[in-house]
Amino acid sequence: MVNADKLRLGVNIDHVATVRNARGSAYPDPVRAAKLAEAAGADGITAHLREDRRHIRDADIDGLMASLATPLNFEMAATAEMQSIALAHRPHAVCIVPEKREERTTEGGLDVAADDNRLAQFIAPLAAAGCRVSLFIGHEPRQIKAAARIGAAVVELHTGAYCDHHYEGDFAKRDAELAALIEGAALAHSLGLEVHAGHGLTYDTVQPIAHIPEIMELNIGHFLMAESLFVGMEPAIREMRRLMDEARA
Ligand code: PXP
């Protein structure tokens with residue numbers, strides 16, 4: 001049944017590590033941030049170990065695995081190195097994302113349709129190790145169908161374009177993206193996929209996404225960390241939680 005459970009909030013703590021790495025210091029500690037996020041109501045913690053280790057590092061993943069009370073959603077590119085790290089840790093969830101060195105953030109979704117054989121082989125050992133495998137994709141039906149075909153448990157729909165159009169003031173494009181996300185979530189659910197969403201979400205953009213009944217989890221990072229600078233992490237997360245619950249009610 002759709003929408004039987006509360007919409008989960010996964011808090012991405014990557015940018016705590018970005019601030020730490022800017023000075024090469026030992027602080028702020030992303031593990032401490034993750035524990036505060038849990039205390040503020042996060043249902044899980046997300047961390048992206050990038051190939052270039054620009055924010056989260058291997059030792060952070062060790063620390064998160066050792067100290068979290070909630071599930072870790074380990075974001076990673078589909079590379080042999082990341083696969084062996086995931087298999088060593090066996091986090092609750094592994095979210096496969098496309099990764100380019102030159103990008104500032106994850107710019108688009110995975111092209112599962114074009115890379116289905118390789119991705120099917122890539123995710124099989126992760127699923128066999130007990131990780132819930134999620135694929136970060138756009139809302140295009142061919143990507144959603146390909147994700148179901150290769151045996152992913154979860155798809156995370158990329159909300160970045162929807163959020164960008166909102167802040168550019170192009171509301172026609174924003175609404176078209178939202179309509180496509182609504183359709184994509186329904187299609188994914190009908191194919192037996194659990195549906196998550198994320199990227200770029202803020203207080204201004206979260207509610208129409210939280211309102212989509214098939215979506216079970218939102219993963220939010222950059223905005224929450226930015227807002228935490230002004231109000232602190234717990235109030236920032238609690239306000240996001242409140243907006244999500246209000247949209248869902
Ligand atoms: N979901 C995925 C798969 C991501 O790659 C990211 C960014 O790391 C997020 C969610 C969170 O995006 P943001 O930091 O913009 O909230």
Side-chain angles (χ1 to χ4, degrees), residues 7-19 30 33-34 37 42-56 60-61 64 71-78 82 86 91-101 103-112 119 123 131-139 143 147 152-167 177 181 184-185 188 193-207 209-210 215-229 233 236-237 239-241 243-244:
L7 178 62
R8 294 193 301 268
L9 170 60
V11 173
N12 180 316
I13 43 82
D14 290 350
H15 296 303
V16 177
T18 304
V19 175
D43 301 291
I45 299 297
T46 295
H48 182 180
L49 185 67
R50 293 186 77 104
E51 186 191 14
D52 62 10
R53 310 301 198 264
R54 69 174 72 156
H55 38 58
I56 293 294
D60 298 322
I61 299 296
L64 291 167
L72 176 66
N73 176 31
F74 179 59
E75 274 184 24
M76 58 176 234
M82 290 299 152
H92 166 80
V94 172
C95 180
I96 314 292
V97 301
E99 202 173 295
K100 291 194 235 99
R101 262 180 190 267
E103 70 189 354
R104 265 189 293 178
T105 181
T106 313
E107 279 166 2
L110 279 173
D111 193 349
V112 188
L119 283 171
I123 67 174
C131 303
R132 274 181 82 67
V133 177
S134 169
L135 302 179
F136 189 46
I137 59 173
H139 49 58
Q143 301 297 351
V154 180
V155 285
E156 180 165 329
L157 299 180
H158 199 312
T159 53
Y162 154 77
C163 294
D164 287 347
H165 294 319
H166 175 84
Y167 284 106
E177 270 298 306
L181 287 163
L193 292 157
E194 183 174 316
V195 190
H196 300 177
H199 209 281
L201 292 170
T202 65
Y203 294 157
D204 294 333
T205 53
V206 73
Q207 288 201 313
I209 300 296
I215 293 183
M216 304 299 295
E217 177 175 309
L218 301 181
N219 284 301
I220 308 180
H222 184 252
F223 174 80
L224 283 176
M225 297 306 129
E227 190 64 10
S228 298
L229 293 173
M233 191 170 288
I237 292 171
E239 175 62 5
M240 188 62 82
R241 175 82 260 168
L243 290 167
M244 287 164 58

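When a ligand or atom number is given, it counts from 1 through the structure's own listing order.
Considering backbone and side-chain atoms together, H48 places no N or O closer than 3.5 Å to any N or O of ligand 1. Residue E75 has at least one nitrogen or oxygen atom sitting less than 3.5 Å from a nitrogen or oxygen atom of ligand 1, judged on distance alone. Geometrically, ligand 1 and G221 share a nitrogen or oxygen pair separated by less than 3.5 Å. Taking any N or O of G200, backbone or side chain, at least one lies under 3.5 Å from an N or O belonging to ligand 1.
Not one N or O on the side chain of S134 forms a donor-acceptor pair closer than 3.5 Å with the backbone of V94. Not a single donor-acceptor pair under 3.5 Å links the side chain of N12 to the backbone N or O of I220.
Between H166 and E177, the side chains place no donor N or O within less than 3.5 Å of an acceptor N or O (distance only, hydrogens not considered). Between the side chains of T205 and Y167, not a single donor N or O lies within less than 3.5 Å of an accepting N or O.
Neither the backbone nor the side chain of H15 has any atom closer than 4.0 Å to an atom of ligand 1 (non-hydrogen atoms only).
Of all the atoms in ligand 1, the ones that sit under 4.0 Å from a non-hydrogen atom of V97 are 3 (C). Listed by number with element, the atoms of ligand 1 under 4.0 angstrom from any heavy atom of N12 are 8 (O). Below 4.0 Å from some heavy atom of F136 lie the following atoms of ligand 1, by number and element: 2 (C), 3 (C). Every atom of ligand 1 with a heavy atom of I220 under 4.0 Å away is listed here by number and element: 16 (O).
Each of R54, E99, H55 was scored for a side chain to side chain donor-acceptor pair (under 3.5 Å) with H48, with one residue passing: E99. Under the salt bridge (Lys or Arg N to Asp or Glu O under 4.0 Å) rule, R132 has a single partner from E156, E194, E217, which is E194.
When every heavy atom of P30 is checked against every heavy atom of I13, the shortest pair comes out as CB-CD1, 3.8 Å.
Taking each of N219, V206, N73, L157 in turn, the one with a heavy atom nearest to atom 11 (C) of ligand 1 proves to be N219.
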